[in-house]
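Order of the sequence lines sets the chain letters (A, B, ...), proteins ahead of strands, with each chain counted from 1.
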Amino acid sequence: MMIRVNGKKHSWHEGMTIKDILKDLSDSHLYAVVRINDKHVSRPHFEKTPVPDNSEVFLIPMIAGG
Amino acid sequence: MAEYKMESLKTFNYDRPVIEKGYANQTLCIDISDFVISIKPVTEKTKNIFIGGKGFDLWLLWNAVNSTTKWRDPENAICIASGPMGGTPVYPGSGKSIVTTISPLTGSVIDSNVGGYFGPYLKFSGFDALEVTGKTSKDVVIFIDGIDEKVQVFTAPGLPDDSYNLSAMLTERFAKGKPRNISVVSTGPGAKNTLMGCLNFTWYDLKRKRARYKQAGRGGIGSVFADKGIKAIVARWDTVKVKTNNPADPNSLKGVGKKYSREIVELDPKQNQMAKIGTTHLVSIMNDFDLLPVNNFQYGRHPEAENIGQEVYRRIFDPGYDGCWMGCTLACAHGVKDFVPITGPYKGTKVFVDGPEYETIAGCGSNLGIFDPHTAIEMNFYCDTYGLDTISVGTATAFAMECFEMGLINETDTGGMNLSFGNRLSALKIVHQMARGEGFGQIVGRGIREMKSIFAKDFGADPDLMQDIGMEAKGLEFSEYISKESLAQQGGYGLALKGPQHDEAWLIFLDMVHNFMPTFEQKAEALHWFPMFRTWFGLCGLCKLPWNDVVPEDNKETDEPAKVMKHVEWYAEYYSAVTGRQIHPDGLIRMSEAVYNFQRIFNLKMGFGQREHDNIPYRAVGPVKTVEYESRHERYDKQLIEKHKVDIAGKSTEEKVALLRKFREELYEKLKDAVYKRRGWNNNGIPTVETVKRLGIDFPEVLELLRAYGVE
């Protein structure tokens, strides 16, 4: 029961959401978008988006537009 | 393929100069009225002040036109240039060209940046910039052959009108067995019959064995091209290596280029995956943050947005390398193979479609209430093929659709078309009509500014309402982001020199989502630094995407993460390595300031460039209609109560709309004041004498112009 967050191993639990991952980070306010495998998820959906076991999670540092 | 003949009208032989530290040190001028071809030297002073790319274009254009020149006048020039770093194969995003002309939509200077091989091939052929003036009735092809050192002008009766076929045929015609040596600039029938024509710049896709293209889309440059009677401009060049650009310090260049390329290869897969999905990731993100334009910018989100998002296009895009310049590891230009249009001259035929990118998906999809990925692809294909700007087509059609839904125009006015939002066949029909110059599409092709006049005069539509909902400023249609909740982005659009295109300042996320700039002064600082730095890319022949669409992992620990200063420092190293001029990151901003202020003054020369010209429609600032207000009433009510200290009890929605409008319009005017001050402009938005002297652009004609506007 493990996921990877920005390439590093991270424990996983049933019902885990993106918000759960970010709450332990001191710089979580910088992340407005997170990618779980190939799917981008934006901040308004962090709380309700479950993170499946074995996911690759990427914290997207910035969205720069066109 | 069509039968055609090519007849040479003029041949001009020249001796190709050696490229020195990124410069050919001369420009090519072609007057197609009488086929006079000449070469102008580039002076050290010109290089010091204007750097290259857009800077060179503006200087050539400034000297070609006078204050009364209109877009159709023969003296109007189309200028194309890359820049000193343009054509470098080891640094990502180094193949851009910038095109300028007097725009048919704005009446003033327009600039548009584009990928493809043309700008670098032009430079390696011996010319830092190309300036084409004059007009001809012959439909000419201009061929710049850097290998055989000659410029030729041909007539070519029988060549197809559409850019898709034309690009392929001319690539084959001039390639001499090496199609990668060719880049074609062309447009199509839509450019001839509208004011929103684009130019297609090709690059050759070795894997797919086909000429593909990117677009210089904004401002109707393609319409000027077609009006001049130019069918195509073709450049031919040989193999490109680092030494082709003859950088001052090739080892430093290779070192910094390798760092940058490696970083992209390592980080893009972890971040936005642009090498796989381009800019399509923005669709769902913009939708989530209420920023995706829906139904003519009324709303920022729609439950069907996922249907036109990255997960869909990831499956549709043809996998493989898609770099529009050699060696770019970001390689974001994707395409759709074997697409079969359901309408128009290519109906039922398999075609390759370059794109779509975010702007096209939002402009020709969500903003028209269309959430079908294949319609966006078909709109993309035909706009390119006909030589039309997908952004102006989308935004102008969205305006017409809202006018139709509001009853400002009706089916009699549209020639029987039901223009309700979501009607994809009507949207496609408009594009086909634009290409033929007929029907209601011909009116839409005049752009929103003219449409407002026509609808008021011929159809009796309410001009004040159309002013509020017609998303144009300076005559240019808005690109595809909702700016209502970001004052900084309102400035990013309204204070942009050419009109509301986001390439000067895309500040929505920094302002609205991250709240990095809560004060007026911080917003003004952002509206100084970001337009200046983004301008710099256009001076040098560079793409801005690698700068901040891939971000170093330690960037968040820097003082100003939004600026991605590690990359800015690499760009300074890169510039120094190519040109031999040692430069600090602050020096990059200083370079841009000179050109930026010169362009503002160019606007003044053409009768624009003052405070009143920085106004934007209220739809870009806040909710125009009660239905918009009510769709986000919690947000707006809260702002009225908490931010503006209004007691809203008992107030109708109409009253609240009016109150909010008063506050927001005041804020926008205050923003203008702060930005003008930061940029060194007076309260009317005109650069001061002190500013032009500081930047070294105090030419006698500039000072004379400023004096005419009371600036001394």
Side-chain angles (χ1 to χ4, degrees), chain A, chain B residues 266-267 269-274 276-277 279-291 301 306 309-311 314 357-359 362 391 479-481 489 492 501-503 505-510 512-516 544-557 561-562 564:
Chain A
M1 296 208 293
M2 189 73 71
I3 58 173
R4 296 181 80 85
V5 179
N6 277 3
K8 292 178 183 163
K9 287 180 182 176
H10 192 289
S11 62
W12 178 85
H13 60 80
E14 190 70 39
M16 186 180 217
T17 66
I18 296 173
K19 191 182 178 188
D20 294 332
I21 296 174
L22 293 177
K23 73 182 178 194
D24 296 331
L25 302 177
S26 59
D27 56 1
S28 63
H29 62 287
L30 290 173
Y31 303 110
V33 178
V34 163
R35 185 154 61 76
I36 302 177
N37 301 321
D38 282 338
K39 185 177 174 58
H40 284 79
V41 182
S42 308
R43 188 182 288 160
H45 303 301
F46 283 176
E47 197 167 354
K48 65 183 180 190
T49 303
V51 180
D53 191 13
N54 293 316
S55 295
E56 280 273 4
V57 178
F58 301 98
L59 310 176
I60 308 292
M62 201 167 295
I63 296 297
Chain B
E266 183 195 340
L267 295 183
K270 297 178 182 176
Q271 296 180 12
N272 291 316
Q273 299 183 304
M274 295 182 81
K276 284 188 176 171
I277 57 170
T279 53
T280 60
H281 66 290
L282 289 171
V283 176
S284 60
I285 296 171
M286 294 301 108
N287 189 62
D288 289 342
F289 285 100
D290 209 19
L291 297 168
R301 91 169 48 122
E306 281 207 0
Q310 52 130 324
E311 290 181 66
R314 186 191 296 272
E357 297 182 34
Y358 167 79
E359 298 291 332
I391 296 177
S479 67
E480 309 301 336
Y481 300 97
Q489 187 57 40
Q501 169 72 0
H502 58 277
D503 63 348
W506 193 87
L507 300 173
I508 303 177
F509 250 59
L510 303 179
M512 187 187 105
V513 177
H514 293 302
N515 197 27
F516 279 176
K544 87 91 206 164
L545 291 187
W547 160 48
N548 65 353
D549 280 292
V550 175
V551 178
E553 289 182 316
D554 58 358
N555 184 62
K556 62 192 176 192
E557 286 141 30
V564 197

Supply the atom-to-atom distance [X] [atom1] to [Y] [atom2], rounded to the nearest 0.5 angstrom.
X       : Y       : atom1 : atom2 : answer
L267(B) : F58(A)  : CG    : CZ    : 10.5 Å
H281(B) : R35(A)  : NE2   : CZ    : 10.0 Å
Q273(B) : H40(A)  : CD    : NE2   : 6.5 Å
L59(A)  : K270(B) : CG    : NZ    : 11.5 Å

* **Side-chain heavy-atom pair P61(A), K556(B) within 4.5 angstrom cut-off** =>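 Sidechains of K556(B) and P61(A): no contact.
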Please name the pair of heavy atoms, one in [X] and one in [Y], separated by the smallest distance, quoted to 0.1 Å.
X       : Y       : answer
S42(A)  : S284(B) : OG-O, 4.4 Å
V513(B) : A32(A)  : CG1-CB, 3.6 Å
D38(A)  : R314(B) : O-NH2, 3.2 Å

Let me know if [X] has heavy atoms under 4.5 Å from chain B in its side chain, its backbone, both or neither.
X      : result
I60(A) : side chain
H45(A) : side chain
D27(A) : side chain

With only heavy atoms counted, which part of [X] is less than 4.5 Å from chain A, the side chain, the backbone, both or neither?
X       : answer
Q310(B) : side chain
N287(B) : neither
E311(B) : side chain
P552(B) : neither
F509(B) : side chain
E306(B) : side chain

* Would one find more than 12 heavy atoms of other residues, nucleotides or ligands at under 6.0 Å from atom CD of E557(B)? ->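 It does: E557(B) CD has more than 12 such atoms within range.
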* Answer yes or no: does atom CE of M1(A) have more than 12 heavy-atom neighbours from other residues, nucleotides or ligands under 6.0 Å? =>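 Open.
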